[in-house]
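A short write-up of the structure that comes next.
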Amino acid sequence: MFGGGKAKKRKGGKGNGQGDGMTGRGNIGGMYSGVQARGVMSTLQMGLEALDPTPFVQLFNNVNGTAEKLWKESGAGSAEELAGKLSPWCIGPHKKIAALVGCFTQGVVESNHDIAKAHNLMLTAVKNLNQYLGDCSSDNCEKPSWMVEMLGPILNRTRRIAYLYEQQEGKRGKRMDEVTSALQTSLSKLGSDRTPNIADSKKRGMVTLCNNLSKAAFHTNNMGVIKPSMQMLSREIEKSSKDGTKSPLDLTTQGQRVTHLFYSGRVSMLEQRFNEAEEDLKAAFKLCHTSYRKNQIRILVFLVTVKLVQGKFPSSELLAEYGLTAIFQPLVEAIQVGNTHQFDKAIEDNASFFAKLGIYVILHRARMMCFLNLTRRVHYCLVSLKPGDATFSSRVKMAQLTAAYETANNGKTISPDEIECALVCLIANGQIKGYISRQHQTVVLSKGNPFPGCNTFTGVKEI
């Protein structure tokens, strides 16, 4: 039975089956290099017999129009007809491979002229994939994880077609939600694998699946489906760490690790866990290959946002290196001098950019940093007036803060209540250590470290 025992040796050897997690493309060498000479169907049969995903990855990525070639070669008129031609060698636990290939191949062909039909075919393909994930196990297959490399190209194509369908309909969310629902089932199938060795387990595909689920959920703003998937993956990573074994994150590609860290950081940012978000985004930025500059810039935008909310500033050199000066430098300058009006203008000038990335509301939290820096500046002025007198410098009058605000904001006035409200928030968030004495209209700062966590980040090495 194909896939049930050791692979038969064939002339020319077999490809290595190793793929890139971002593109899903493997080395299409060896016995799979002559697809046109042998025919796509026979090449797929050889791959299934050897439990080598390489020819299937080539098909699902539609490398050199492989899907169209298969459709033409088979002479099929429907997904069911193509599946019927493949089913004689898709036996045992691999029965659903024929249905999966049939639906996917017709979906690719139909996407050129009937996107609605293509979308439905892709959903059916994912449902067949889910059934295959459930049927194929260590009890009936020598290597149940062999199909993990296929997940990326299948799910990427499915999301892409759903996105195009939504554009055609002029409605955002409905079609991608259908994909999200199917991916949740896929994740549960992967997570239920009980194969002891993680290298041979379908759990290796959890990172790829979580990443695709995150992309679909962020597209529809359906954040409720991301956290359970992240928690499931985190449990597997923690379990592997305790056991001293490799986790699904260790066994995936660098591209998939970067994607996971990026979305993990974004989720933490939305939940206002800014320290965790900073660590994940920083790790993603460092791990992202320099040849993927657009990805680096995208990660850096969120990392700078998280830093600003915490009162930390990027250097002008760093912003210039990645072309972000016009976006963030006005915000940095406004926060540093405590000019809330300049800050508000800088936000509105780039409102569409911030809103598109989902950071418009979060960046408004950085407005509090204007008041934090005003308080710091007044405190340092008091320190310079009477060096060594900690009691004097730790008492900041509300009138002094009001005057400092009017100076920083070019004479624009502010009520003491608004300043007090900002200070209360900063104290509650732990960004100022002290308390407000309303009786004396004074902010009493800690004599030790009144502004914990306020520092800067100046370059790539520090990120």
Side-chain angles (χ1 to χ4, degrees), residues 274-275 278 304-319 325 328-347 363-459 461-463:
F274 297 118
N275 288 331
E278 179 183 338
V304 170
T305 298
V306 168
K307 290 279 192 177
L308 288 178
V309 170
Q310 299 177 88
K312 306 171 187 178
F313 311 113
S315 68
S316 56
E317 293 79 12
L318 177 65
L319 295 178
T325 300
F328 285 109
Q329 192 61 39
L331 286 174
V332 171
E333 293 174 355
I335 294 173
Q336 287 177 334
V337 300
N339 190 329
T340 57
H341 292 276
Q342 180 182 334
F343 179 91
D344 294 339
K345 183 179 184 302
I347 288 283
L363 267 176
H364 273 83
R365 291 178 60 92
R367 194 175 190 271
M368 285 291 103
M369 297 304 104
C370 295
F371 294 98
L372 175 63
N373 279 321
L374 276 176
T375 308
R376 291 174 68 188
R377 284 170 173 267
V378 173
H379 170 68
Y380 293 148
C381 287
L382 296 176
V383 170
S384 64
L385 285 174
K386 290 187 178 182
D389 190 343
T391 301
F392 174 77
S393 60
S394 65
R395 268 64 174 173
V396 180
K397 298 290 186 181
M398 286 292 187
Q400 294 171 329
L401 291 175
T402 301
Y405 178 90
E406 292 175 356
T407 301
N409 287 267
N410 302 318
K412 291 184 171 62
T413 60
I414 188 173
S415 69
D417 289 341
E418 187 175 347
I419 287 186
E420 183 178 336
C421 181
L423 291 172
V424 168
C425 291
L426 292 169
I427 292 172
N429 292 334
Q431 291 165 307
I432 292 180
K433 291 178 67 176
Y435 63 91
I436 298 175
S437 173
R438 300 198 68 183
Q439 180 180 357
H440 299 95
Q441 288 293 293
T442 301
V443 183
V444 182
L445 302 174
S446 168
K447 295 180 181 179
N449 181 18
F451 307 102
C454 291
N455 52 22
T456 61
F457 66 113
T458 57
K461 291 183 179 180
E462 295 186 20
I463 288 182

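Taking each heavy atom of I427 and G434 in turn, the nearest pair found is CG2-O, 3.5 Å. Summarising the geometry of P452 relative to G430, their closest heavy-atom pair is CG-O, 3.3 Å, with the distance given to 0.1 Å. Residue V383 comes nearest to S393 through the heavy atom pair CG2-CB, 3.5 Å, listed as atom of the first residue, atom of the second, then distance.
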Any chance you could lay out the side-chain contact (heavy atoms from CB on, under 4.5 Å) test for D344 and R367, step after step, and finish with the verdict? CA-CA 8 Å; D344 294 339; R367 194 175 190 271; 3.0 Å; yes
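Counting only heavy atoms from C-beta outward, the side chains of R395 and H440 never approach each other to under 4.5 Å. M369 places none of its side-chain heavy atoms less than 4.5 Å from the side chain of L308. T402 is not listed as a side-chain neighbour of K397, based on a closest heavy-atom distance of 4.5 Å or more. You'll find the side chain of N410 stays beyond 4.5 Å of the side chain of Q342, heavy atoms only. Considering only heavy atoms from C-beta on, I414 comes within 4.5 Å of F371 through its side chain. Between L382 and Q400, the closest side-chain pair of non-hydrogen atoms falls below 4.5 Å. Taking 4.5 Å as the limit, some side-chain heavy atom of L401 sits within range of a side-chain heavy atom of L423. Here the side chains of Q329 and S316 are in contact, with some heavy-atom distance below 4.5 Å.
Counting only residues at least two apart or in different chains, salt bridge (charged side-chain N to carboxylate O under 4.0 Å, His left out) contacts with residues 410-438 comprise E420-R438.
Without hydrogens or angle criteria, R376 side chain to P450 main chain gives no donor-acceptor distance under 3.5 Å. Under a 3.5 Å cut-off, the side chain of N373 and the backbone N or O of G338 do not form any donor-acceptor pair. Remark: side-chain polar atoms of N339 are paired, donor with acceptor, to backbone N or O of A408 under 3.5 angstrom. Although no hydrogens or angles enter the test, the distance criterion places no donor-acceptor pair under 3.5 Å between the side chain of H379 and the main chain of S394.
Of the residues listed (V378, T442, I436), the one engaging V396 in a side chain to side chain contact (heavy atoms under 4.5 Å, CB included) is V378, and it is the only one.
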